[in-house]
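Read the structure below first, then the notes.
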Amino acid sequence: MRELLDKLYETNALTKEEIIEVLRHLDEGENKKLLFDYAHRTRLAHYGPRVFMRGLVEFSNYCKQDCMYCGIRASNRNADRYRLTPEEILECCKEGYELDYRTFVLQSGEDYWYTEERLMEILHLIKSTYPDVAVTLSIGERSRATYEKLYAAGADRFLLRHETASRELYESLHPKMSFDNRMECLRILKEIGYQVGAGFMVGLPGQTLEHLAEDLDFLHRFQPDMIGIGPFIPHNDTPLKGSKGGRVEATLVMVAMARLLVPKANLPATTAMGSLDPQGRERAIKAGANVVMPNLSPTSVREKYALYENKICTGDEAAHCRNCIEMRIKVSGFDVDMGRGDSLNWTEPSVG
Ligand code: 5AD
Ligand code: FES
């Protein structure tokens, strides 16, 4: 077991069977401590003590999909829906820019009210006002043609969590969605030239250690630029209300494993981690995470973007979160980096 951890640290590679072996024996002796230590050292080797800040704009909670776990699923009649106009989105970015953010993450449900044209308009608006920022989209599945046009319009990065790499589990949680299409979208995004983010939830109902090993093995094979990992937190207006939910400790293990299997990835300490444990984000940073994504959405809509219960920061102004997070990062012994924070896995496509 110690040999496997050493191999993981030295080569950043394990087979799926070896990953399972590691996960099975983490509770013995000092194994878990060693895993976190190796993850931390790997993060230091590539990114030093820096933590990148991304400003998150949750611009619409309309969604055509019906994911069993998600609070903004189409059939949740209790969700109070909203959409931000292009001008309102730009206003959030303005506030963020003045707080020194140089990356904005535009996230929404799968909302086709934002047509290709509208999304392009939003991207042009942001990029012409702030040419020095990186824009990340997190808007779900679209066609290859749309992904291409959005990239041409200035989108730099795209987050599309794979959610779970187990086809069976995926299909049980995503009515009418296709596992193959999800994976195809990720491949297309990478091919176009985006910095691509994948990721998954920990503690989904029916999820086993083998499923989690499949997620890690998928990440290792796909080598995404960004990896979002968070605990599943049940939402009361979903079919999974009352189920158990993920644990912070298990999620930290996945963050550390992801750091070691995809050493150069940008790995956020997710809001879900901070929502489950007041120290969750700090603990994730110490387990290998190097990104945080404080909220820039208008406070008037914050509570409405409720994917899960008890989400943090719903009442806090952007400036407050900016300071709060900075303090937390410093107290944990890390440094804030307000730069674009491009992935080290990705190299800018050459021009001309
Ligand atoms: N608990 C935790 N994470 C969730 N997400 C959606 N619903 C929940 C939930 N109930 C995650 C999904 C999605 C990301 C934006 O939020 O992984 O990709
Ligand atoms: Fe929002 Fe701490 S990050 S209040």
Side-chain angles (χ1 to χ4, degrees), residues 51 53-61 63 65-73 76 79 99 105-110 136-141 158-165 169-170 173-174 177 182 185-186 197-205 207 215 226-248 251 254 268-282 285 292-297 299 302 305-332 336:
V51 177
M53 302 265 273
R54 326 284 200 202
L56 177 65
V57 182
E58 299 153 333
F59 67 91
S60 162
N61 69 350
C63 193
Q65 302 294 6
D66 220 11
C67 309
M68 303 294 270
Y69 46 78
C70 186
I72 64 168
R73 65 202 302 269
N76 179 11
L99 291 168
V105 180
L106 307 186
Q107 187 174 87
S108 68
E110 272 193 28
T136 305
L137 294 177
S138 178
I139 59 171
E141 296 176 22
F158 204 105
L159 303 176
L160 185 74
R161 288 194 184 172
H162 66 280
E163 312 296 0
T164 168
L169 194 56
Y170 186 93
L173 293 168
H174 303 93
M177 289 179 79
R182 191 82 174 176
C185 284
L186 282 167
F200 60 100
M201 281 172 285
V202 181
L204 289 164
Q207 191 180 43
D215 287 310
M226 305 172 283
I227 302 176
I229 301 175
F232 159 59
I233 305 173
H235 188 290
N236 290 332
D237 295 319
T238 65
L240 298 182
K241 120 182 216 197
S243 51
K244 195 151 168 284
R247 288 180 311 118
V248 172
T251 311
M254 293 301 136
T270 54
T271 306
M273 278 296 257
S275 299
L276 209 53
D277 174 347
Q279 292 289 312
R281 286 170 298 175
E282 290 89 326
I285 289 169
V292 285
M293 295 165 60
N295 209 311
L296 292 178
S297 312
T299 42
R302 289 276 185 99
Y305 200 83
L307 311 184
Y308 46 82
E309 301 288 332
N310 303 320
K311 191 174 157 205
I312 47 169
C313 304
T314 53
D316 301 299
E317 294 288 345
H320 178 82
C321 289
R322 166 75 177 75
N323 292 332
C324 169
I325 263 292
E326 172 157 8
M327 196 260 307
R328 288 167 184 267
I329 290 169
K330 287 183 174 159
V331 167
S332 308
V336 170

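Just so it is clear, the values below take in all heavy atoms, side chains as well, and ignore hydrogens, waters and symmetry mates. Both counts, for ligands and for their atoms, begin at 1 and track the order of listing.
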Check whether Asn236 reaches the backbone of Lys241 with its side chain - one donor and one acceptor, N or O, closer than 3.5 Å.
no
If you count the non-hydrogen atoms of other residues, nucleotides and ligands that lie under 6.0 Å from CZ in Arg302, is the total more than 12?
yes
Just to be sure I'm reading this right: ignoring hydrogens, which of Leu307, Thr271, Leu204, Ile233 gets closest to atom 1 (N) of ligand 1? Compare them by their nearest heavy atoms.
Ile233
Give a yes/no verdict on whether any heavy atom in Gly246 is under 4.0 Å from an atom of ligand 1.
no
Given Arg73, His235, Met201, Glu163, which one has a non-hydrogen atom that is nearest to atom 5 (N) of ligand 1?
Met201
Classify the angle between the aromatic ring planes of Tyr69 and Phe232 as parallel (below 30°), tilted (30 to 60°) or perpendicular (above 60°).
perpendicular
Pick one of side chain, backbone, both or neither for how Pro231 approaches ligand 1, counting any non-hydrogen atom pair under 4.0 Å.
backbone
When rounded to the nearest 0.5 angstrom, what distance separates OG1 in Thr164 from OH in Tyr170?
9.5 Å
Going by the side-chain hydrogen bond (donor to acceptor under 3.5 Å, both in side chains) test, name the single residue among Glu58, Gln107, Lys311 that passes it with Tyr305.
Gln107
Atoms of type N, O or S from the protein that sit nearer than 2.8 Å to atom 2 (Fe) of ligand 2 number exactly 1
Does the N or O separation between Arg161 and ligand 1 drop below 3.5 Å for any pair?
yes
Determine the minimum heavy-atom distance between Ile72 and Gly109, stating which atoms define it.
CD1-CA, 4.0 Å
Does Gly230 offer a backbone N or O that forms a donor-acceptor pair with the side chain of Thr251 under 3.5 Å?
no
Answer yes or no: are there more than 12 heavy-atom neighbours, outside Asn323 itself, under 6.0 Å from its atom CG?
yes
Is a side-chain N or O of Tyr308 found less than 3.5 angstrom from the main chain of Ala272, in a donor-acceptor match?
yes
Answer side chain, backbone, both or neither: which part of Arg281 comes under 4.0 Å from ligand 2, heavy atoms only.
side chain
Checking a contact table here: which protein heavy atom is nearest atom 7 (N) of ligand 1, and how many Å away?
Tyr69 CD1, 3.3 Å
